Trainee: 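This is the structure I want to talk about, given as structure tokens.
Keep in mind that what you see is a predicted model, and the values were worked out from it rather than measured. Just so you know, these numbers use all the heavy atoms, side chains as well, and skip hydrogens, waters and symmetry mates.
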Amino acid sequence: MEGFRPRGWQDGITSTILSNLNNNGKIALEAPTGSGKTSFILYLAFLSGKKFIYSVRTHNEFTRIYEDNKRFFNLDIAYMFGKKSLCPLPDRWLENDDSDRDICTGCFLKDKTIDVKFDMDPEELCNFLLRESMENINIDIKNRSLVKNERGDYYYKREKKSLGFCPYYSVRLSALSHNIIVMTYNYLLNPGIRYRTFGIENFNDYCIVFDEAHNIDDFVENLGRSLRPKTVERAIEQSMNYFPVKEYKCNDRTRLGIMLERLLSELDLNESGTLKRFSFSKDFIDNLDIDIIKRFSDMFNDINEKNPAGQRHRNYLESLYNFLYDVFNSENSGLYYYSDKNGILLKIMYYDVSSFLRFLNSSPVIFMSGTMPSPEHISLVWGFENIIYISVEKIFKNAGGEKKYHIVTGFTTLNKYRLKSDTWEPMLKKYMDFIKERYNSASGSVLVAVPAYSILSGDKSISSFIDDDIKPHVIIETRKLSFSYIKGRALREKLLIFSVHGGKLLEGVQLVNKNRSLISDVIIMGLPLIPMDDYRTDKIKFIERQSKRNMQDNLYYENAMIKVKQAAGRSTRSENDVADIWLCDDRFSSAYWRDIFQN
């Protein structure tokens with residue numbers, strides 16, 4: 001542990017945390033961004049000698065853990081990436097493959113693994129393993145130890161002389177032997193993936209950590225399957241091509257066609273920008289027999305497997321079966337639809353977060369975030385009543401720097417202006433004038449948090465109002481934008497960065513030089529309230545029935561508060577940082593929000 005000196009708050013609560021972990025306790029740790037939560041968890045692992053599962057929201061957070069460990073602790077840590085990140089055979093992935101099809105079935109690499117050494121940056125390791133695997137596969141092909149059969153599938157003819165290996169299974173098997181495993185949420189919170197990975201439901205041997213735990217609700221809400229009309233159309237085409245009525249003159253084939261056509265007509269819905277409640281018609285339900293869909297799906301799989309490699313297709317019947325099975329068998333969920341750029345999407349949405357967390361009941365757990373949900377939320381929504389709740393900032397002054405919140409009036413939500421160009425543009429211009437003023441006077445880079453992607457790009461977006469003299473310094477969030485690129489530029493110039501609440505920049509970007517934040521100001525454009533759509537209304541009612549409590553604040557306003565604090569937290573990365581946070585919406589001046597941000 002050379003060079004690590006625990007901060008005051010870390011030293012002050014270590015014995016309390018360790019004592020509770022030894023008794024399988026549940027701990028909620030709210031510590032501001034930049035206060036050293038990552039190093040604190042590694043410090044606990046170092047002192048306790050326990051096995052840890054460190055669960056994070058995205059792979060981007062692996063690097064921060066790796067760097068802290070390399071710098072201070074040198075603990076035995078493994079990093080678990082998913083199949084898509086580590087599969088060296090992209091041709092095994094079918095177009096838009098979002099079904100439960102096991103792409104590893106029949107793969108010539110599935111049982112071929114190596115011992116992985118997790119001694120380099122996780123992203124570099126991922127790329128290294130992919131390159132190494134492909135090079136070895138090519139050597140095996142050249143040496144004729146890996147050959148094709150009559151269907152065009154590769155198989156190993158000479159196993160002993162082969163070099164090829166599967167990076168994904170190598171990482172997964174190697175990781176399970178390490179004392180600390182870092183993985184994304186889906187390995188734990190998705191029951192199917194959890195069982196396939198660990199094969200157990202008892203995690204007594206591990207202390208489990210959820211980093212950025214304020215994301216748990218959103219993650220669980222979106223675990224449900226989804227369905228688009230295009231999938232049904234493809235299933236109909238597949239049925240006609242592979243099971244033509246002229247050849248399959250049976251009642252089941254007739255019923256299959258009728259069911260698919262009726263399902264497609266059920267999805268003839270009006271466009272909706274918010275989640276709207278959906279119910280299948282009684283006529284459709286009365287005539288539905290998903291076992292018939294399953295039988296034809298299995299028949300298609302048999303045919304598909306006999307096709308040469310490269311001529312196999314996604315099983316759309318299987319996608320329909322899996323979706324409909326979950327619709328009629330999932331508990332504590334509802335069916336909703338909305339429309340996006342790809343059309344109508346029908347989605348299963350879950351209400352009960354606690355049912356996805358019950359596997360933690362007998363394990364020591366640390367939920368931590370710079371913006372933890374309230375104790376009431378953790379008790380009534382997550383189902384942990386006797387949790388130890390520690391708010392570091394309430395005990396240790398400025399543990400993660402100082403944020404000065406300023407409420408700026410004269411601004412309001414952009415949502416109601418979105419469809420009215422005559423009022424939308426003046427409000428955007430007003431926001432941009434304020435942003436320009438703050439940018440010119442700021443001592444460091446400025447981060448702007450907006451409520452929706454439509455504000456960032458496209459026609460009539462805020463980019464239309466950025467002056468030419470500022471444009472060279474503007475960064476607008478995109479999916480492909482890397483943290484390293486932003487940091488490299490921030491070290492050279494004062495940036496104006498636009499991101500979306502809940503986006504990857506507001507969840508994970510760290511712009512630091514010599515342990516000081518490069519961001520001096522954060523501007524919040526509008527109060528980031530979730531639309532009170534049918535799903536949100538139903539979820540609140542469901543949890544109120546379960547808890548017999550009013551949950552409006554916990555499930556609606558608290559979510560907006562967390563988003564604001566999460567954005568603000570990007571500006572303070574050490575106890576010495578001071579930042580100005582500008583809350584631009586008239587609603588922030590109400591007593592509720594003033595009490596949160598200014599008192």
Trainee: If you take the centroid of each ring, where Trp contributes its six-membered ring, are Tyr168 and Phe81 closer together than 6.0 Å?
Mentor: no

Trainee: Asp534 vs Lys539, test: salt bridge (charged side-chain N to carboxylate O under 4.0 Å, His left out). Steps then yes/no.
Mentor: CA-CA 9 Å; Asp534 287 350; Lys539 179 174 179 176; over 6 Å; no

Trainee: Hey, do the aromatic rings of Phe210 and Tyr185 have their centres closer than 6.0 Å?
Mentor: yes

Trainee: What I'd like to find out is whether the side chain of Tyr389 reaches to under 4.5 Å of the side chain of Leu29, using heavy atoms alone.
Mentor: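 Side chain of Tyr389 against side chain of Leu29, heavy atoms only: no contact under 4.5 Å found.
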
Trainee: Any non-hydrogen side-chain atom of Lys548 less than 4.5 Å from a side-chain atom of Glu544?
Mentor: no

Trainee: Does Met368 reach the side chain of Glu30, with side-chain heavy atoms less than 4.5 Å apart?
Mentor: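 A side-chain contact is absent here, since even the closest heavy-atom pair is not under 4.5 Å.
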
Trainee: Side chains of Ile530 and Lys563: does their closest heavy-atom pair fall under 4.5 Å?
Mentor: yes

Trainee: With the side chain counted from C-beta on, respond yes when Lys26 and Ile388 share a heavy-atom pair under 4.5 Å apart, and no when they do not.
Mentor: no

Trainee: Under a 3.5 Å cutoff, is there a donor and acceptor pairing between the side chains of Ser571 and Lys403?
Mentor: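 Result is no, nothing qualifies.
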
Trainee: Test the Arg536-Tyr556 pair against the cation-pi criterion, namely NZ or CZ under 6.0 angstrom from the six-membered ring centroid and within 45° of the ring axis.
Mentor: no

Trainee: Could you check whether Phe367 and Phe384 have their ring centres less than 6.0 Å apart?
Mentor: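 Close enough - the centres of the two rings lie under 6.0 Å apart.
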
Trainee: Under the salt bridge (Lys or Arg N to Asp or Glu O under 4.0 Å) definition, can you give me all pairs with a residue in residues 376-389, not counting sequence neighbours?
Mentor: none

Trainee: Take the angle between the ring planes of Phe118 and Tyr79 and call it parallel below 30°, perpendicular above 60°, tilted in between.
Mentor: tilted

Trainee: Between Tyr592 and Tyr557, is the ring centre distance below 6.0 Å?
Mentor: yes

Trainee: Can Glu212 and Gln566 be counted as having a side-chain donor-acceptor contact under 3.5 angstrom?
Mentor: yes

Trainee: Looking just at side-chain N and O atoms, do His214 and Asn559 make a donor-acceptor pair shorter than 3.5 Å?
Mentor: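 No, because no side-chain N or O of His214 sits under 3.5 Å from a partner of the opposite role on Asn559.
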
Trainee: Without hydrogens or angle criteria, can the side chains of Thr63 and Glu123 be said to hold a donor-acceptor pair below 3.5 Å?
Mentor: no

Trainee: How about Arg314 and Ser319: does a side-chain donor come under 3.5 Å of a side-chain acceptor?
Mentor: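 There is such a pair between these side chains.
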
Trainee: So which pairs with a foot in residues 346-357 pass salt bridge (Lys or Arg N to Asp or Glu O under 4.0 Å), sequence neighbours left out?
Mentor: Asp352-Arg358

Trainee: Between Asp217 and Trp382, is any side-chain donor less than 3.5 angstrom from a side-chain acceptor?
Mentor: yes

Trainee: Taking atom types as modelled, find out whether Asn315 and Ser297 have a side-chain donor-acceptor pair closer than 3.5 angstrom.
Mentor: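 A donor-acceptor contact under 3.5 Å links the two side chains.
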
Trainee: Are Tyr350 and Phe356 near enough that their ring centres are under 6.0 Å apart?
Mentor: yes

Trainee: Do Cys207 and Lys51 come within less than 4.5 Å of each other through their side chains, counting heavy atoms only?
Mentor: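 In short, these two side chains do not touch, never coming nearer than 4.5 Å.
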
